[in-house]
Every structure is written in structure tokens, then in C-alpha cells.
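Values below: every heavy atom of this structure, side chains too, minus hydrogens, waters and symmetry copies. Quantities reported herein were computed from a predicted structural model and do not represent experimental measurements. Just so we're on the same page: letters track the sequence lines, and every chain starts at 1.
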2 protein chains.
Amino acid sequence: MTFTGRQVQLTAYPDGEVRPSDFRIVEVDVRKPGPGEVLVRNTWTSVDAGLRMRLREKGPDGYFPAFPLDAPMDQIKTVGEVVESHAAGFERGHTVWHASGWRDYSVVKASDQPLAGLGALRRLDVEAAPPQAYLGPLGGNGLTAYAGLFRVGELRDGDVVWVSAAAGAVGNLVAQMAKIRGHYVVGSAGSEEKVRDLLEVLGLDAAFNYKDGPLPELLRQAAPDGIDLYFDNVGGDHLRAALAALRPWGRVAMCGMISDYEAATPAPGPDNLFQAVANNLTLRGFRGSANVDLLDDMWRDVGGWLRDGRIRYRETVVEGLENAPEALARLMRGDTTGKTLVRIA
Amino acid sequence: MTFTGRQVQLTAYPDGEVRPSDFRIVEVDVRKPGPGEVLVRNTWTSVDAGLRMRLREKGPDGYFPAFPLDAPMDQIKTVGEVVESHAAGFERGHTVWHASGWRDYSVVKASDQPLAGLGALRRLDVEAAPPQAYLGPLGGNGLTAYAGLFRVGELRDGDVVWVSAAAGAVGNLVAQMAKIRGHYVVGSAGSEEKVRDLLEVLGLDAAFNYKDGPLPELLRQAAPDGIDLYFDNVGGDHLRAALAALRPWGRVAMCGMISDYEAATPAPGPDNLFQAVANNLTLRGFRGSANVDLLDDMWRDVGGWLRDGRIRYRETVVEGLENAPEALARLMRGDTTGKTLVRIA
């Protein structure tokens, strides 16, 4: 017996801003899971800025491939419940994550790798946290924040830390983790409301709206003696301002460059990279998924901070699979806070 | 008794290319050394691309300050012989290095720091190598190459290495050290003659003239499977080509950006920095002088390789202090090979 499911497909590569009209909802037959496979009824799916880069015919080398047109969208993190299992270790009713997202039913093959990638089918502990947290602070975002701050950024005692897109899913976690460790933390975001939240709710030491003036000046007011670690979610003029403000032996954890994702042609890089030579700076790009060996450490630490209320988990929930493209458009416009999620059912 | 010496002074900041007419030779009184000081008769002084950045009213933050006009030029590495000493550990006839360069006599204060900076007065072992080698392979250039390749660039087994400006004082050493360690090494330079030298004399695995075509294509021919470590002396389009060619977990040792030193306004950075995110790349800027703790290791290793003939030491010697500005102009035009030196007497 087969039955019918729905999935989001891309029908055209958007030219600038993400348009929901470049997507469609398709009804498809859902096949029976074969040996080693499970059928999952998806409940939550993830919306990330990085998806924007895959809405191009040719994305950056070495990154996830572009989404093909008129086909299922793969490698999008999703959470759901097992409906039928033919894979050892998975039973009907288990909550799992996998990467066959933006559809309501997925047939997923269980990995036989002991340390499979972040996208591999994995059972989740829903006693510890609600299922959708595994798409946010306990998922790829959490791992990216955790690995980026502690491993890639080599957070050191006394570091002054600047986090851009600090109201976003990753930045929000980075800023809170740096505060937990006792650092002076500056956050930037794109609205007064977000800035207020960073200051009043998260308790950051300084925060600013990057639209309020020249970035170098805003950053100087927030961190008059300079910074030691910049967690970069934005690239472009933000990275340029950071290079000018970084003190000797400073570091940049390069997590993403949202300023560039919708540009038709890539923007030029910062014109002050020589600062890295002059001040012995390290700029390190990274992907959360390259740090999957830290997943258990992250679950222990971030899970604990969530339970203790030391990390506040922000989410913007969009209802209905059919609204996933609109959720991405809102995220790219800066119109979401924290993790952007789609509730499928 | 005082006597007269000569020094080079800058009279105007050049607008584009270095012009000897922006300098003058001045006769000055040389004062007697006081307690803790020595008088040095200089024999060799150093010409480095980095000096170009100090011929600007406002140089990069955190780097050496601009040279003041109509004043002695300080912080230029120089070798000479002690003529008169009032400092413990230094005697008449000792060969030393110090940083009061581009003049024929210097009065230098001995440092009382155990691990003083590279510019501090230091006695040199002229049994081990000729004096001018301490301005090249056994001096700041050698330390920059050694620290950049092994510490900053974290050279790893099997790395494919690209060195730009490989015919230059630092690049030449880096390329040879990477060959000694058994790596596949690509060198680039700006003339056919330099390229031939890299291939035939230094035995690099591949070399190209960057003026011969689009850099990404030239690099692809030289290293068809990509590179793991890029030693950057150039910046600009060279760094861009490297980012596109670096394999996952690749590294860039950012040593200098000669492509930018004569520009009136800084050139934009590479438009493909996102490659660092996609491929977990590390870009690390550094200054040789920040690695002075490696000086003894460098002397041991590079000194040994020089004696064994495994490192060939290139130098371009310009005769006469008065020709130091012309030597710098030649270096910036790409018209020197290896270390550019001025023989003072």
C-alpha cells in the first residue's frame, strides 16, 4: 500500500529576494520503507539562512549542492516520529531527526556509521527537551555555536566578544554562551526590538542596530578598547569593521555571510585584510557539521544550560509546510528572531 | 669628539611607485655612545617590501609606524661591527644586528630583555654564516619563512603547498623548506627567468609566471588536484585564486600583501571568502617578529640547511647607502631576486 504525502519543490532560482512563488507544493506517492529504512511522519522542519545559497544554479564550491528544480529538497534538517521501521534501533513512536526535510513524510535509510554526519537518522531524547529544540539549540545551530565559540574561535579568558546577527538562531546561542563564561559580549542585530531584547533579556553588555550608523563607529561605542573574538554570521562590512577593531592575536570564527547570500554577484571582500598580518589575527571558516564529534559534549552543556534556564531559547514558528518558503523569505528579510521553524503537523 | 655620518631620510611620501627623489642623503653628527650603548659601523642594511607601507602618512593600524619626514628611518634591520662599546657583552670588533638602519653609523642601546624583539642589538656568529645572511635566511626573512610554514601554516604530511613571490627573500626560503620536507611545491613569480630558476635550480614541482594568464587557470595547471597550504606574500588576486583552490581544512599563512602596498586606496579583498566557511579553511596573518621565540630553532635548522647546501641563498646586492631608495624601488618593481641588500661599506 502506498499513500500520498506533500513536499515543497523549487520551480525557479530566485533572482534576488526569496519569493514563495518560486516554490510549489506537490502531492507525491510515499513508498513503503525497505530493509534498513524507516518511514517518518515529520512534525518540524528547519529554515536556515544557508538554504539561500542552494537556491542558485551554481553555489559555492564545497558547500551543499544547489537544490534541483521540480524535485524533492534534500539536506534540510527535520524532526518527526517513526511510523514504520525496518531498521535496527528504531521503533514506531520514536522521535528522530534526519535531513529529508520540507515534506510531511520521509523514507530514510538508517546509517551504519558509528559517527554519522549531522544529517543522519538519529533517535532523540524527548524527555530532555521538546522535539523542535533538536533543530535549534540542540541541533545544528547549537553545534555550530558551540564549536564556533569554543573550538574554532578558541575563546580565551578575558576576551571581548562581538557576535553579529545576535538575534539569529546561532548568534543568540553564541552570545548567551559567552555570557555564561563571563565575557564582555557585544551583539548586533537589525532592529530596535532585537537590540532591546539582547540587552534586557539576554543581558549582553552592549548591543547595537547595524542600521543606525557607520559600523566602525557603532562598534567603537560598544567596545571602546577593541575586541578579541568576532563571531561572524554576516561577512561584508561587518567583517571589515571587525578586522579594524580586533586586537593583537584576535580571532574571527567565520560561520556564515548572510550579507552575500542574495547578491547576484559576490560582493568584494574587506579591503583591510592586511590587519590580519599586522596584528597576528586568525580567521577561521567552519561548518557546524564538521564538528559532529562535539555533539555529545554540546548536548551535555547546552542541554544543561537550557534546563537551568541559563540559555533562553528563541523561536519563530511558522505554521504549515506550505509556508516554509515564506518562512525563509521572512528570515532573509530579518523578520524572525531566534530559530525559524515550520510546524508541519 | 663627534664625527660625521650619513643617513637616508624620507622627504615626501610617494604617491604611487617608490621614487628615489623622495629621499635624500644627509650628513649628521654621530654622537658618542653613552652607558649601555654601542657605536656600530654598519656594513649591510636590509630592503624589504614591508618598508613600502611605512612610506605613507597613515599606515595600517598595529603595523610599524610611518617614517617621519626629514628624520632618521628607524626599525630597519642592519648589520655592522662594533666600534666602541659601553654595554656589557659587546666588544669592539663584534658583528651585531640592530634596527637603526639606512645610515652608516648607529648608536644603539643594548636591551636588557632576555628575549628581546628581533630588532634588539644582538651579537652574531660570523663563523656560522656571512654577516649579511643575518639579514636574510638567518634573519627576519628566515624567521618569517620558518614560523610561517611550520607554526602558522601548520605544514602537514602530504600537503600540496603554493608559495607566491617564490623568488623573493621569504618565498624562496619557504619553497625550499617545504621541498626539504618532501612536499609537492608550486611557486609563482613575475618573470620567466625567475620561474626557470624556481624549477631548475630550486627543483620545485611546478612554477608559473603570474603575468602569463588568469591566475586560477595557471594554478589549476600547476596543482590540478588543489592545494592545502598557501603561503601568501601577495594578497589580492593571488589570495582569491588560493581560496578557490584550497581543499577542505586548507590553510593560508598571510605574510604580506605586496600587491596592495603601492595602491593609493586599499584594493577590495577577495570576493570568495565564503570558501573558508564551505571548506573549513584557516587564514592566519602573522609577523615574523611575533615568533622570536623560534629564533634559536630557526638558526639551528636553517643554519644547518645552508651549510649542507640544501638551502640556496639568493641575494641582490646594491652598492652604497645612497642607493638604498633605488634598491627599494627595484624590489617593488619585481626587479630583484632573493634578499635585497645594500652594502654600506
Side-chain angles (χ1 to χ4, degrees), chain A residues 50 53 59-65 144 147-148 151-152 154 216 226 232-233 235-236 239-240 243-261 263 265-291, chain B residues 50 53 59-65 144 147-148 151-152 154 216 226 232-233 235-236 239-240 243-261 263 265-291:
Chain A
M53 271 181 293
D61 287 338
Y63 197 69
F64 292 109
T144 298
R151 172 182 280 176
V152 178
E154 296 177 41
D232 189 17
N233 291 304
L239 179 55
R240 183 178 190 282
L243 285 166
L246 279 160
R247 299 192 280 216
W249 306 102
R251 285 136 279 134
V252 180
M254 299 166 73
C255 174
M257 301 195 168
I258 195 171
S259 68
D260 205 32
Y261 294 169
T265 52
D271 64 6
N272 60 347
L273 269 177
F274 187 80
Q275 288 303 314
V277 180
N279 289 315
N280 297 285
L281 308 180
T282 298
L283 290 76
R284 187 170 272 157
F286 74 106
R287 293 177 46 189
S289 55
N291 297 279
Chain B
M53 269 180 294
D61 286 338
Y63 197 69
F64 292 109
T144 298
R151 172 181 279 175
V152 177
E154 298 177 40
D232 190 16
N233 291 303
L239 179 55
R240 184 178 191 281
L243 286 164
L246 279 160
R247 297 193 281 216
W249 305 102
R251 284 136 280 135
V252 179
M254 299 167 75
C255 173
M257 302 196 167
I258 195 171
S259 68
D260 205 34
Y261 294 169
T265 53
D271 63 7
N272 60 346
L273 269 177
F274 188 79
Q275 288 303 314
V277 180
N279 289 314
N280 296 285
L281 307 180
T282 298
L283 289 77
R284 186 171 273 158
F286 75 107
R287 303 204 5 214
S289 54
N291 297 278

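- Looking only at heavy-atom pairs under 4.5 Å with chain B, the residue among N279(A), V152(A), D232(A) that has the most is N279(A).
- With rounding to the nearest 0.5 Å, the separation of CG in L239(A) from CG in L273(A) is 7.0 Å.
- A 4.5 Å side-chain heavy-atom check between L246(B) and V252(B) finds at least one atom pair inside the cut-off.
- Proximity of a side-chain donor or acceptor of R287(A) to a complementary backbone N or O of A278(B) within less than 3.5 Å is detected.
- Using a 4.5 Å cut-off between heavy atoms, A290(B) contacts chain A through both its backbone and its side chain.
- Your options are M254(A), R247(A), R251(A), and the one with the most heavy-atom pairs under 4.5 Å with chain B is M254(A).
- Rounding to the nearest 0.5 angstrom, the gap separating the CD atom in Q275(A) from the OH atom in Y63(B) is 12.0 Å.
- Highest contact tally toward chain B, considering only A244(A), G236(A), C255(A), A253(A), is held by C255(A) [criterion: heavy-atom pairs under 4.5 Å].
- Across all non-hydrogen atoms, the minimal contact from T144(A) to F286(A) is O-CE1, 3.4 Å.
- When the candidates P268(A), G269(A), G50(A), A267(A) are compared by the number of heavy-atom contacts under 4.5 Å with chain B, G269(A) comes out ahead.
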